[in-house]
Colleague: 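A single structure is presented below for examination.
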Amino acid sequence: MASSVLSAASHSLSASSSLSSRQIHKGKPKVGDNALRFNNGINSFPNARSSGRVSMTVALNVSRFEGIPMAPPDPILGVSEAFKADTSDVKLNLGVGAYRTEELQPYVLNVVKKAENLMLERGDNKEYLPIEGLAAFNKATAELLLGADNPAIKQQRVATVQGLSGTGSLRLGAALIERYFAGSKVLISAPTWGNHKNIFNDAGVPWSEYRYYDPKTVGLDFEGMIEDIKSAPEGSFVVLHGCAHNPTGIDPTLEQWEKIADVIQEKNHIPFFDVAYQGFASGSLDEDAASVRLFVARGMEVLVAQSYSKNLGLYAERIGAINVISSSPESATRVKSQLKRLARPMYSNPPVHGARIVADVVGNPVLFNEWKAEMEMMAGRIKNVRQQLYNSITSKDNSGKDWSFILKQIGMFSFTGLNKEQSDNMTNKWHVYMTKDGRISLAGLSLAKCEYLADAIIDSYHNVS
């Protein structure tokens, strides 16, 4: 900025004979006393004396951004930053939901490597995708979610737009709500994934919470959930976790899903599913999509945000989609046009690499079967770790506390029931890094570390209030 000011001042010397109003006053101006003024991008001091030449100094440590405060660390990603700074040999990072091997190393799926080799062999280019993304990806994604023979797909009632993983897809859906359902409220579970509130806040969409977690049972507060959805203003959007609820790992049963659908239909609400773990929770793509398919089979209009970060391990590729299942092909076409219109000023068009991986894996029967086997392996490892952690805790804790909730939960997370102070003890004393709501990622735990984690949990639960 200093060089541009000097250049502008120098240019004005040759362009104008009246220099006094453009002279730069010596000395550092004081912030907040109007000493620093700007006129056409150049510092201007009307009372400065003219001596026939311009004298310039650069004001140091004065920023137009002085009023911007430091943002707090992200409650999830900030855990990883703290973990990296810890030099302990026994430290554990159970904060971020990313799958690790038994050696606690990142895992790249074999089918992903094969799909990337196919790209190289084909010589795929890096041209821009259309705003809605890769057509083959969108087709594969909708069919994976709903089933290839789903009437909604055959009747062309599904508008699918490739998004920037689950987060970007949720944000696109939130923008659609803000623009075309002005004043509508969004309901989110208490608790929920930490970024849900940020997404709707930044989209300008009002939200409130419905009861979900019961701390007394470390289970689902189903009656509270139903009551809150019933009492919400008619036509609200209800954010639902398709499977493996984050952070609790507590899912409704199929019978409970039916009752939830009943209430949402009665109130003319619109369900907005967040599907981040299809195939990764139970090991079955169909089982993990059962909740969404139940709602669609009833003829309900549904929004669904999808992510391939977990089930294909494509965390850094930012690959996902927003699907809107409408009541007619005409409305689906209009919705898709507006999703594209919203995406254009946000990010113009999505990245291609991850989309091609998904399209190749889902579209190739051989790779698709290999993928399902790898998902079963990953889901199976997490289930084994979950069981071992339960075994370790129950063998060590003689207090009579019921720890069976660990086995009743599903997916990569376990909601331990530990409060903030107890979670702090896990980190400060035991070097176990986790979110402050008591959530741990079992995907970042190995069988060999279960006994150590059990000691940390028992100590924190019984000795920290």
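It should be emphasised that the depicted structure is a prediction, and the values quoted were computed from it without experimental measurement. Keep in mind that the numbers below use all heavy atoms, side chains included, and drop hydrogens, waters and symmetry copies.
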Colleague: So which pairs with a foot in residues 405-424 pass ring-ring contact (aromatic ring centres under 6.0 Å, His included), sequence neighbours left out?
Modeller: Tyr213-Phe415, Trp403-Phe405
Colleague: I'd like to check the side-chain contact (heavy atoms from CB on, under 4.5 Å) partners of Phe65; sequence neighbours left out, ordered by chain and number.
Modeller: Ser63, Ile68
Colleague: Tell me, which pairs form a ring-ring contact (aromatic ring centres under 6.0 Å, His included) where one or both residues lie in residues 305-349, sequence neighbours left out?
Modeller: Phe137-Tyr308
Colleague: So does Arg211 get a backbone contact from the side chain of Asp228, meaning a donor-acceptor N/O pair under 3.5 Å?
Modeller: yes
Colleague: Is there any ring-ring contact (aromatic ring centres under 6.0 Å, His included) pair reaching into residues 224-244, and which pairs are they, with sequence neighbours excluded?
Modeller: Phe181-Phe237, His196-His241, His241-His245
Colleague: Is there any side chain to side chain donor-acceptor pair (under 3.5 Å) pair reaching into residues 68-85, and which pairs are they, with sequence neighbours excluded?
Modeller: Ser80-Asn93
Colleague: Do side-chain atoms of Ser291 reach the backbone of Gly242 as a donor and acceptor pair under 3.5 angstrom?
Modeller: yes
Colleague: Can you tell me how far apart OG1 (Thr253) and CZ (Phe222) are? Round to the nearest 0.5 Å.
Modeller: 7.0 Å
Colleague: Is there a donor-acceptor pair under 3.5 Å between the side chain of Lys185 and the backbone N or O of Ala232?
Modeller: no
Colleague: Got a list of side-chain donor-acceptor pairs under 3.5 Å for residues 203-210, not counting sequence neighbours?
Modeller:
from   : atom 1 : to     : atom 2 : distance (Å)
Trp207 : NE1    : Asn201 : OD1    : 2.8
Glu209 : OE2    : Lys197 : NZ     : 3.1
Tyr210 : OH     : Val239 : O      : 2.7

Colleague: Is there any ring-ring contact (aromatic ring centres under 6.0 Å, His included) pair reaching into residues 277-298, and which pairs are they, with sequence neighbours excluded?
Modeller: Phe273-Phe295
Colleague: Residues in side-chain contact (heavy atoms from CB on, under 4.5 Å) with Lys372, at least two apart?
Modeller: Leu285, Phe368, Asn369, Met375
Colleague: Donor-acceptor pair, Thr141 side chain versus Asn138 backbone, under 3.5 Å?
Modeller: no
Colleague: Which residues pass the salt bridge (charged side-chain N to carboxylate O under 4.0 Å, His left out) test with Lys139, sequence neighbours left out?
Modeller: Glu143
Colleague: Using modelled atom types only, decide if a donor and an acceptor are shared between the side chain of Trp430 and the backbone of Val90 within a distance under 3.5 Å.
Modeller: no
Colleague: Could you work out, with salt bridge (charged side-chain N to carboxylate O under 4.0 Å, His left out) as the rule, every residue matching Asp262, not counting sequence neighbours?
Modeller: Arg298
Colleague: Does the side chain of Pro351 come within less than 4.5 Å of His353's, by heavy atoms?
Modeller: no
Colleague: Check for a donor-acceptor pair, side chain of Tyr99 on one end and backbone N or O of Ala379 on the other, with a separation under 3.5 Å.
Modeller: no
Colleague: Using salt bridge (Lys or Arg N to Asp or Glu O under 4.0 Å), reason through Asp124 and Arg122 one step at a time and then give a plain yes or no.
Modeller: CA-CA 5 Å; Asp124 289 343; Arg122 289 194 303 255; 2.8 Å; yes
Colleague: Under the 3.5 angstrom rule, does the side chain of Ser348 hit a backbone N or O of Arg344 as a donor-acceptor pair?
Modeller: no
Colleague: Could you work out, with side-chain contact (heavy atoms from CB on, under 4.5 Å) as the rule, every residue matching Thr101, not counting sequence neighbours?
Modeller: Glu103, Gln105, Tyr107
Colleague: Classify the side-chain pair Asp402/Ser404 by whether it contains a donor and acceptor separated by less than 3.5 Å.
Modeller: yes
Colleague: Side-chain polar contacts of residues 151-160 - donor-acceptor pairs under 3.5 angstrom, sequence neighbours left out - could you list them?
Modeller:
from   : atom 1 : to     : atom 2 : distance (Å)
Gln155 : OE1    : Arg157 : NE     : 2.7
Gln155 : OE1    : Arg157 : NH2    : 3.3
Arg157 : NH1    : Ser326 : O      : 2.8
Thr160 : OG1    : Asn323 : OD1    : 2.8

Colleague: Checking side-chain polar atoms at under 3.5 Å, does Asp86 have a donor or acceptor matched by the opposite partner on Ser88?
Modeller: no
Colleague: Applying the salt bridge (charged side-chain N to carboxylate O under 4.0 Å, His left out) criterion to Lys114, which one of Glu374, Glu121, Glu370 satisfies it?
Modeller: Glu370
Colleague: From Thr435 OG1 over to Asn246 CG, what is the distance, rounded to the nearest 0.5 angstrom?
Modeller: 8.5 Å
